[in-house]
Amino acid sequence: MAFQSRKYFDQMNVLEVDQKLLKEVEALGFSRARAARALHCSGNANLEDAINWIIDHENDADIDEMPLIVANIEIESQPEIESLQPEIESPQPDNTTKEVEKKAQEIRDRVHQRKEEEKKGEKELERDREKERIRVGRELLEAKRISEENERKRYLATKKAEKQEEKRAREKVRRKIEADKVERRRQLGLPLENPTTVNSSNPTVQEKKNPLLVMTITKAEHMSECLRSLRRNYKGEDARVRRAFQTLLIYVGNVIKNPNEEKYRKIRLGNPLFQERVGSLKGGTEFLELCGFEKTEGADFLYLPSDKVDMAQLNSAASIISSALTNPFFGLLSV
């Protein structure tokens, strides 16, 4: 029977509370149900903790459900449990004195003040967090602005360096072209000074001009322009243009080395190799004609008669071709 009573007791909603504290809480105007739950959940520590628990849980749905109340007693049988039943009923609250009501109000005020301080602290913490977010955002924006400014400066510095490098390259090409002109004039036996810079203080003395030399200079310029035109016509096909220049240099060089050998002075136009490298390019055959080669009557060959071999002219042509091969800007920049 005792075992059955203990099992029945365990199945019931039983709270163990301090009877003295229970009366003190009830004296403050709270129902026995709320007072019992508050003392049990706050560990029967003290009156203030119980009041705080009631205020924090006053909206709980089961706060007014009446539990069984046990005050540190051992239950041995069902009749003993039933004898506790009168203790469960909530009596009508006693009339509290003004002193008790004042004490209860002080407790409520302290709890309310504590909650207000907690809310205030949370608001201040949130404001601090918002300030921190704003500060971090500003720092990120400033870092981004500095990064973009540095990137812009690097870009401008790179463009400036590229322009300076391009200027130096153009100046180098210009000097190379001038040197080529001086070398051609030297090979042709002409004065190295530019005629436009010769002192003309004595206008009555006129330099005698050699018609043959004037004609040779004009043809050399025509050769250069022919190669420049070929380079411009096939811009973007550097390998093909370079192969054409190399083939032309071989033809001219063979004649210079072996002027008496007819096989080097005769080129078959139908030769597939010649057509692929020179004949199919506009300006290739024209350059050889400027060197003295002539088309035969049947237009099957380019032939350079032995009596028309001009070594100075061929040397000038070879120099022009060499310059075109070594100068990467040949025909691409205006002279």
Side-chain angles (χ1 to χ4, degrees), residues 169 172-190 213 215-296 299-335:
K172 184 177 179 180
V173 171
R174 187 189 65 79
R175 290 196 299 267
K176 177 64 175 174
I177 292 173
E178 292 296 331
D180 291 343
K181 285 184 178 181
V182 172
E183 179 62 20
R184 287 198 299 271
R185 293 179 67 83
R186 187 188 64 77
Q187 291 178 359
L188 296 173
L190 297 175
L213 293 178
M215 185 180 300
T216 304
I217 294 175
T218 303
K219 185 166 290 188
E221 291 297 333
H222 287 171
M223 289 180 183
S224 296
E225 181 56 33
C226 181
L227 293 184
R228 285 195 292 268
S229 177
L230 190 151
R231 181 72 177 272
R232 288 193 295 268
N233 289 336
Y234 298 95
K235 186 177 180 180
E237 300 181 60
D238 294 344
R240 187 179 181 190
V241 172
R242 184 174 183 82
R243 188 168 59 247
F245 288 172
Q246 291 171 342
T247 305
L248 290 173
L249 185 60
I250 291 173
Y251 285 139
V252 174
N254 286 338
V255 177
I256 293 174
K257 294 177 183 178
N258 307 281
N260 297 322
E261 292 287 340
E262 184 177 358
K263 65 178 182 179
Y264 294 119
R265 293 184 283 107
K266 190 175 184 179
I267 303 172
R268 185 163 61 87
L269 294 174
N271 187 324
L273 186 61
F274 172 80
Q275 284 295 323
E276 178 187 355
R277 296 192 172 191
V278 177
S280 61
L281 275 68
K282 183 179 179 181
T285 304
E286 289 81 350
F287 183 83
L288 291 173
E289 290 177 345
L290 290 172
C291 293
F293 285 86
E294 301 174 352
K295 289 183 180 180
T296 59
D300 295 330
F301 293 91
L302 281 175
Y303 182 67
L304 177 59
S306 58
D307 58 342
K308 293 186 178 180
V309 174
D310 187 340
M311 296 302 293
Q313 183 172 273
L314 291 173
N315 284 322
S316 178
S319 177
I320 293 171
I321 299 173
S322 297
S323 176
L325 284 169
T326 57
N327 183 1
F329 298 99
F330 182 85
L332 301 180
L333 301 175
S334 58
V335 182

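These numbers come from the heavy atoms of this one structure, side chains and all, not from hydrogens, waters or symmetry mates.
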Subject >> Heavy-atom donor-acceptor pair, Ser316 side chain to Ala312 backbone, under 3.5 Å >> reply: no
**OP:** Compare all side-chain heavy atoms of Gln246 with those of Arg277 and state whether any distance is below 4.5 angstrom.
**Re:** no
**OP:** Spell out, as yes or no, whether a donor-acceptor pair under 3.5 Å connects the side chain of Tyr234 to the backbone of Lys282.
**Re:** yes
**OP:** Report the C-alpha separation of Cys291 and Val252 in whole Å, then their side-chain angles, then the decisive distance to 0.1 Å, and conclude whether the side chain to side chain contact (heavy atoms under 4.5 Å, CB included) test is met.
**Re:** CA-CA 8 Å; Cys291 293; Val252 174; 4.1 Å; yes
**OP:** Could you check if a side-chain atom of Ile267 sits within less than 4.5 angstrom of a side-chain atom of Phe301, using non-hydrogen atoms only?
**Re:** no
Subject >> Exam field: side chain Thr247 to backbone Val278, donor-acceptor pair closer than 3.5 Å >> reply: no
**OP:** Write down the atom of Gly279, the atom of Thr285, and the distance for their closest heavy-atom approach.
**Re:** CA-OG1, 4.1 Å
Original post:
Looking at Asp238 and Arg242, does any basic side-chain N land under 4.0 Å from a carboxylate oxygen?
Top reply: no
Original post:
Any donor and acceptor pair, going by atom type alone, linking the side chain of Ser323 with main-chain N or O of Ser319 inside 3.5 Å?
Top reply: no
Original post:
Out of curiosity, Glu276 CD to Arg243 CZ, how far, rounded to the nearest 0.5 Å?
Top reply: 5.5 Å
**OP:** Kindly compute the distance separating CZ (Arg174) from CD1 (Ile177), expressed to the nearest 0.5 Å.
**Re:** 9.0 Å
Original post:
Taking it one step at a time, do Ser280 and Arg240 satisfy side chain to side chain contact (heavy atoms under 4.5 Å, CB included)?
Top reply: CA-CA 11 Å; Ser280 61; Arg240 187 179 181 190; 3.4 Å; yes
**OP:** Would you mind reporting whether Phe287 and Ile321 have side-chain heavy atoms less than 4.5 Å apart?
**Re:** yes
**OP:** Taking the side chain as every heavy atom from C-beta outward, state whether Leu302 and Tyr251 have any atom pair closer than 4.5 Å.
**Re:** no
Subject >> Phe274 and Leu269: CA distance, side-chain angles, deciding distance, side chain to side chain contact (heavy atoms under 4.5 Å, CB included) verdict >> reply: CA-CA 7 Å; Phe274 172 80; Leu269 294 174; 3.7 Å; yes
**OP:** Please answer whether the main-chain N or O of Asp180 pairs with a side-chain N or O of Glu183 as donor and acceptor at a distance below 3.5 Å.
**Re:** no
**OP:** Measure across Ala220 and Ile320 and return the closest heavy-atom pair with its distance rounded to 0.1 Å.
**Re:** O-CD1, 3.3 Å
Original post:
What is the minimum heavy-atom distance between Leu304 and Gly292, and which atoms define it?
Top reply: CD1-O, 3.1 Å
Subject >> Taking every non-hydrogen atom, the tightest pair across Leu248 and Gly284 >> reply: CD2-O, 3.9 Å
Subject >> Ser229 OG to Arg231 CZ distance, which is reported to the nearest 0.5 Å >> reply: 12.5 Å
Subject >> Atom pair CG/NZ of Asn254 and Lys263 - distance to nearest 0.5 Å >> reply: 9.0 Å
**OP:** Give a yes or no on whether the backbone of Tyr303 and the side-chain of Glu294 come within a donor-acceptor separation of less than 3.5 Å.
**Re:** no
Original post:
Do Ile256 and Met311 have side-chain heavy atoms sitting under 4.5 Å apart?
Top reply: yes
Original post:
Stepwise, does the side chain to side chain contact (heavy atoms under 4.5 Å, CB included) test hold for Ile250 with Phe245?
Top reply: CA-CA 9 Å; Ile250 291 173; Phe245 288 172; over 6 Å; no
Original post:
Does Glu261 offer a backbone N or O that forms a donor-acceptor pair with the side chain of Asn258 under 3.5 Å?
Top reply: no
Original post:
Would you call Glu225-Arg232 a salt bridge at under 4.0 Å N-O?
Top reply: yes
Subject >> Taking every non-hydrogen atom, the tightest pair across Lys219 and Leu290 >> reply: CD-O, 3.2 Å
Original post:
Where the side chain of Arg265 meets the backbone of Pro259, is there a donor-acceptor pair that is under 3.5 Å apart?
Top reply: yes
